[in-house]
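One structure is given below, encoded as structure tokens.
Chain identifiers are assigned alphabetically (A, B, ...) following the order of the sequence lines, protein sequences preceding nucleic acid strands; residue numbering begins at 1 within each chain. Computed from a predicted model, the values in this text were never measured in an experiment.
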Amino acid sequence: MLEIRNLHVSIGDKPILAGINLTVRAGEVHAIMGPNGSGKSTLAQVLAGREGYTVTADSVRYLEQDLLAMAAEQRARAGVFLAFQYPLEIPGVANVQLLRTALNSVRLQRGEPELDAMDFLDTVKSKLALLGMDESFLYRAVNEGFSGGEKKRNEILQMAVLEPRLAILDETDSGLDIDALKTVASGVNALKSPQRAIILVTHYQRLLNYIVPDHVHVLAGGRIVRSGDASLALELENRGYGWVIPEAQEEARP
Amino acid sequence: MSNTEVRHAELHEPGLGNPELRKRIDDEYRWGFVTEIEQEIVPKGLNEDVIRLISAKKAEPAFMLDWRLQAYRHWLTLREPTWASVHHAPIDYQAIHYYAAPKTRTQPKDLSEVDPELLRTYEKLGIPLQEREALAGVAVDAVFDSVSVATTFKDKLESLGIIFCSFSEAVQKHPELVRQYLGSVVPYTDNYFATLNSAVFTDGSFVYVPKGVRCPMELSTYFRINAKNSGQFERTLIIADEGATVSYLEGCTAPMRDENQLHAAVVELVALKDARIKYSTVQNWYPGDREGRGGIYNFVTKRGDCRGDRSHISWTQVETGSAITWKYPSCILRGDDSVGEFYSIALTNHRQQADTGTKMIHIGRNSRSTIVSKGISAGFGSNAYRGLVKVLPTAANARNHTQCDSLLMSDHCAAHTFPYIEVKNASATVEHEATTSKIGDDQLFYLRSRGLSAEDAVNLIVNGFCKEVFKELPMEFAVEAQKLLAVSLEGAVG
């Protein structure tokens, strides 16, 4: 589904990612882990089409398309979804309005008819139920005055409504208490399917207790320095990042 | 237009990185056509003879001519104000035609007698002049340059005792009402532009709603400036007698021309005891091109007088057009428990300048006012909110809440806020809130990553920003206003 070959990303002359190779197949869950500043969030944002970076690669293929040639909205319409680490507030715009506009632009791309208000409400209510969320969520302005946990759940709601092929979750677990974490995780698990791939970007292992990954990658210094299965995450939890990236540990020493 | 691309090539605006956006930024003014029609025009220039001529053309009674001449003589003693946060070359008041009228043989009796060319103009503007279209519930009084062309729905309104006609007709048929109320809210001595208007105004709308009558439909006027070098000086007077209710819509467009055109209108509202007036404007005068050539100078005096107890006046305006807007729709809250409201969206793009706001003058006890101002600046636009809240010693327990928000969309635009507050009664409560924000790349990326195009993302953000004002507009006007904002902002992200 996604095949990244030798991806380099920099801001100005500062390199952030230095040769990423990653293959994600439909139905898989990948976890990208790594210490702060390793480039995890940059990878997530670049895949979703954030501008302002200098991006080069041998190739980044998504569903047989050249992903880097697509604008952010084209990627979204083609089924790429990024759950933001820091979701933005859009004052005065009701959640339901954004959800409907977004869903209809994605449906249009898929050659499906736009949903009218009633059909849309039915769809969105079923997703709310799935995530155990209150209907009042729909009529609040997008993320305005939301708690940290509410914002993250709102991202998952958007994901559930848009039904992406490739979902990238950027530190969705950060700032969540254990109950909110469980809710978010069950929401994500409900979306797992053989047609869909999920990339979890996370600093900690604890989310992976609830969403079990097929592959775990450690990102450090702009490269994937180690890959393994779910047990790698547990090992990282016990031993820290130092043993996989000794040079990083050296730098961290005073 | 074919020269659009050339202009883009010449212009390097650092804030506009995205070439796709830049392609669309200079969307042509869609209402910029000129109607080829025979005009009757008075030679350029202003003097007492021109004023006598205007008055004679309209067969006005002596009191009107006297009033005009008094205004003119007073105007000669005034100097053009310079305090507004706008800049323009000096206006040559002798280079303006003060009267331009479509040549028709006699006053049209109904639509079939109106020049079809004129009707086509209104069709292009999308005004439901034909009664079948007007079944939507809007009665239209269309002002084409200086003369009111046709008034629809008159009969139905007449049966309720509502007078809705051109100002000229009101002068002929209801001189006593005109005499009683004209200048009673905005006196001819009020300010430079209002005084000029008092001397030379050629037409406008007149509304009288009798005691206890609730006007069953929205009343609407479309103003349009067509003649070259003509000023448009219209005057509108709306009177809601005791317990009456009326909602009035005003929309404005003008053709594209390289010269600047002056528009100095006056609107007076009078609300007697328990009366309610809602006045909504969507102003889309030609704003000039992206380098600031041409466009309307919109110097307008609008004021409402809450003369009776429990009277209520509400102004809602969406200002997207004009090269320069200078306008402060105000309320004099004379009656006890009277209410004044001002909801405004002002958008400046390219080189547009707006200095707009309101005045709330609290005189009556328990009088209340609300001000919600939303300023949007894009391109090199400059947007100023200027507001006065004045509580006089008599206004015990007066209350005001002001909310004043600015949205910036480029690195070159400007937003200013000039709130003036004068409180002379200690029991008053006056609140002022202000915010300034910039549409950020982060916000845009967030929405685009949900599948929205950059244009749709901007529209969604702007609509959210303006929501509190949109909800004050009558339904069909709100839809038009949203479209207008979208068109005015196409590609204006920087």
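- Smallest separation of non-hydrogen atoms from B/Leu452 and A/Ser105: N-OG, 4.2 Å.
- The CG atom of B/Asp442 sits 7.5 Å away from the CD atom of A/Gln45 when rounded to the nearest 0.5 Å.
- In B/Arg386, the CZ atom is crowded: over 12 heavy atoms of neighbouring residues, nucleotides or ligands sit closer than 6.0 Å.
- Counting only heavy atoms from C-beta outward, the side chains of A/Leu162 and B/Arg450 approach each other to under 4.5 Å.
- The two residues B/Ala454 and A/Glu73 have their closest heavy-atom pair at N-OE2, 3.9 Å.
- Contact of B/Phe465 with chain A is made through the backbone alone, with heavy-atom distances under 4.5 Å.
- Summarising the local packing, CZ of A/Arg61 is surrounded by more than 12 heavy atoms from other residues, nucleotides or ligands at distances under 6.0 Å.
- Interface with chain B: from residues 81-97 of chain A, residues A/Phe81, A/Leu82, A/Ala83, A/Phe84, A/Pro87, A/Leu88, A/Glu89, A/Ile90, A/Pro91, A/Gly92, A/Val93, A/Gln97 qualify, criterion being any non-hydrogen pair under 4.5 Å.
- Residues meeting the ring-ring contact (aromatic ring centres under 6.0 Å, His included) test with A/Phe146, sequence neighbours left out: A/Phe137.
- The nearest pair of heavy atoms linking B/Gly451 to A/Ala76 is N-CB, 3.3 Å.
- Proximity to chain B (any heavy atom under 4.5 Å) is shown, for A/Arg50, by both the backbone and the side chain.
- For A/Glu155, the part sitting under 4.5 Å from any heavy atom of chain B is the side chain, from C-beta outward, and nothing else.
- Within a 6.0 Å radius of NZ in B/Lys278, more than 12 heavy atoms belonging to other residues, nucleotides or ligands are found.
- Annotation for A/Arg5: atom CZ counts as buried by contact number, over 12 foreign heavy atoms lying within 6.0 Å.
- Listed by chain and number, the residues in a salt bridge (charged side-chain N to carboxylate O under 4.0 Å, His left out) with B/Asp456 amount to none (sequence neighbours excluded).
- Among pairs with a residue in residues 123-139 of chain A, those fulfilling side chain to side chain donor-acceptor pair (under 3.5 Å) read A/Lys127-A/Glu163, A/Asp134-A/Ser136, at least two apart in sequence or across chains.
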